[in-house]
Structures are given as C-alpha cells and as structure tokens.
Amino acid sequence: MATDRQERHAARLLSRDFFNRDPRRVARQLLGKLLVRSDGVDRLVGRIVETEAYLGEDDAAAHAAAGKTARNAVLFGPPGHVYVYLIYGFHFCLNVSCLPEGEPGGVLFRALQPESGIDIMARNRGISGNPFQASKVLTSGPGRLTQAMGITRSRDNGKDFLSPASDLQLMEDGFRVRKIEVTPRIGITKAAEPLWRYTIAGNEFVSRPSGLNSKST
DNA sequence: ATATCGATTATCT
DNA sequence: GATAATCGATATG
C-alpha cells in the first residue's frame with residue numbers, strides 16, 4: 001500500500017461554475033483541492049492549504065484595482081484561467097481568475113501540501129538530501145510553490161485550469177477540510193485590514209502560522 | 001525565536 | 001524612477 005496516498009475518489013476537474021463567483025468564496029472553497037502539474041511522465045500534485053482573495057476596483061491591493069492592463073488581462077477574462085506574474089524581480093505567483101468575463105477577480109495560491117512528485121519538487125527547488133525532510137520548505141509560500149511546480153509566466157500565464165488537455169489543472173478528490181482559519185492578507189501595504197486570507201487550520205504547510213504562535217519542532 | 005536586509009526586473013507613475 | 005501579493009541568509013536574544 002502506498003505510504004503517501006490514501007485512495008479517496010478518483011480526482012476530477014473542478015467546474016467552470018466553481019470559479020464563476022466571488023473570489024472570497026472561491027478562495028475558501030479551494031482549500032483541500034488539488035493543483036496538478038503534468039510534466040511529461042511526471043505528475044506533481046499538491047493539496048491547497050492557503051489562499052488569498054483579490055477583488056477589483058474595491059480592493060486597493062489587487063492588481064485589477066486600477067483597471068485592465070497587459071499584465072492583469074487574465075483577471076478580466078473568463079473564470080478558471082491561470083494568472084502568473086513576477087514579483088520582486090525573482091518569484092512567480094500563481095492565481096486563478098474568478099467571476100464572469102469582464103469582472104476582475106482572482107485567488108492567489110500561497111501554500112500547498114505536497115502529495116505526489118515530492119522528489120521532483122525538491123529538484124525544482126534546488127534542494128538536495130531527503131525531500132521528505134525538506135518538504136516544509138518545498139511549497140510553503142507563493143514563490144516556493146511556483147518554483148516547485150515549474151510554473152512561470154511565459155510557460156503558463158493565460159492557460160485554462162479546467163481543460164482536460166491542460167498540463168496545469170485544479171481538481172477535487174473528496175477531501176474534507178475540518179476547520180478554516182481566516183486572517184489578513186500577507187505582504188501588502190494597501191487594503192491590509194480585510195480578512196481575505198484562508199488557511200486549513202493547523203496544517204503544517206501553511207506559509208505563516210497566522211498571528212500569534214509559531215511553533216518549534 | 002524574531003528582525004533586518006539584499007537580490008533583480010516587469011510594470012506603471 | 002519607484003515600487004512590488006517574496007525568499008533566504010545573516011545577525012542577535
């Protein structure tokens with residue numbers, strides 16, 4: 001029996017309607033779902049444990065706040081598509097578009113729990129040694145998870161997450177989230193107050209515990 | 001354990 | 001020309 005898998009249901013693609021609604025609702029509902037990268041013969045799978053919602057003109061922290069540009073066009077497009085941007089000159093951040101075409105909105109993926117392909121993720125992250133020992137540093141953070149999954153702007157921006165042919169998909173396998181924690185979003189200066197960050201409570205792979213306690217091992 | 005800092009570039013003022 | 005939805009290394013308690 002596999003040590004790192006529990007058979008639940010066969011994973012299946014999420015629906016378009018899942019993303020055709022308020023990003024805050026999508027961000028919450030995405031917890032526990034799967035991000036799947038099909039990379040030739042390799043299949044990299046991570047379970048979503050941390051997300052943030054970004055709205056349109058009512059959200060000063062959102063890329064879409066000031067209107068449509070070449071960079072943020074995907075956020076204004078149809079729901080369920082890949083929005084990738086480069087931040088601080090170094091790191092890519094992965095988002096999914098929400099709401100119907102014409103209405104901007106998206107969800108930022110902030111952390112995953114590695115499920116399959118951990119050795120490949122470690123290689124992509126340039127980490128040597130036991131990948132399971134290093135697993136907390138593989139995909140815990142928006143820049144880390146894109147590197148682990150091999151996600152870049154040139155490769156992935158604008159793709160459909162929901163196409164059966166896509167090499168980047170969002171799926172569900174029946175996993176149930178017990179408790180969700182809600183906090184302010186991380187790393188922003190404008191609109192820092194709203195509680196639009198969602199995490200699976202107690203999950204080890206969340207990028208930052210949430211406020212009060214951090215813990216030692 | 002927390003704090004500070006430097007790296008590097010696309011995008012927008 | 002300034003800024004940004006970050007990370008990792010270093011310093012210090």
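Heavy atoms only: backbone and side chains are in, while hydrogens, waters and symmetry mates are out. Naming convention: chains lettered A, B, ... in sequence-line order (proteins, then strands); numbering from 1 in each chain.
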Checklist entry - So A/Thr51 and A/Arg197, side-chain contact (heavy atoms from CB on, under 4.5 Å) or not? Walk me through it. => result CA-CA 6 Å; A/Thr51 59; A/Arg197 172 175 177 256; over 6 Å; no

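- Cation-pi check for A/Arg21 over A/Phe18 is met; the charged atom lies under 6.0 angstrom from the ring centroid and within 45 degrees of its normal.
- Although no hydrogens or angles enter the test, the distance criterion places a donor-acceptor pair under 3.5 Å between the side chain of A/Ser140 and the main chain of A/Phe205.
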Item to check | Residues A/Ile200, A/Ile180; criterion side-chain contact (heavy atoms from CB on, under 4.5 Å); working and verdict | outcome: CA-CA 5 Å; A/Ile200 296 182; A/Ile180 293 172; 5.7 Å; no

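- Nearer the 5' end of DNA chain C, as judged by each residue's closest nucleotide, is the contact made by A/Lys190, out of A/Lys190 and A/Leu145.
- Qualifying ring pair (Phe, Tyr, Trp, His ring centres under 6.0 Å) partners for A/Phe92, counting only residues two or more places apart in sequence or in other chains: none.
- Taking a 4.0 Å limit (strictly below) on heavy-atom distances, residues 83-92 of chain A reaches DNA chain C at A/Tyr85, A/Ile87, A/Tyr88, A/His91.
- Listed by chain and number, the residues in a salt bridge (charged side-chain N to carboxylate O under 4.0 Å, His left out) with A/Arg24 are A/Asp22 (sequence neighbours excluded).
- First and last contacts of DNA chain C with chain A, using any nucleotide atom under 4.0 Å from a protein heavy atom and ordered 5' to 3', fall at C/dA4 to C/dG8.
- Although no hydrogens or angles enter the test, the distance criterion places a donor-acceptor pair under 3.5 Å between the side chain of A/Gln169 and the main chain of A/Ser163.
- DNA chain C is contacted by A/His63 of residues 63-75 of chain A, taking any non-hydrogen atom closer than 4.0 Å.
- Residues satisfying the salt bridge (charged side-chain N to carboxylate O under 4.0 Å, His left out) criterion with A/Arg12, sequence neighbours excluded, are A/Glu172.
- Residue pairs meeting the side chain to side chain donor-acceptor pair (under 3.5 Å) criterion with at least one partner in residues 96-107 of chain A, sequence neighbours excluded, do not occur; the list is empty.
- Applying the salt bridge (Lys or Arg N to Asp or Glu O under 4.0 Å) test to pairs two or more places apart or on separate chains, those with a residue in residues 55-68 of chain A are A/Asp59-A/Arg185.
- The side chain to side chain donor-acceptor pair (under 3.5 Å) analysis of residues 84-95 of chain A, with sequence neighbours excluded, yields no pairs.
- Taking the salt bridge (charged side-chain N to carboxylate O under 4.0 Å, His left out) definition, one finds that A/Asp42 meets it with nothing, sequence neighbours left out.
- On the C1' atoms, C/dG8 is 22 Å away from B/dA10, given to the nearest whole Å.
- Stem analysis of DNA chain C (Watson-Crick or G-U pairs, both distances under 3.5 Å, runs of at least three) returns B:1-7 with C:6-12, B:9-12 with C:1-4.
- With sequence neighbours excluded, the residues forming a salt bridge (charged side-chain N to carboxylate O under 4.0 Å, His left out) with A/Asp156 are A/Arg37, A/Lys159, listed by chain and number.
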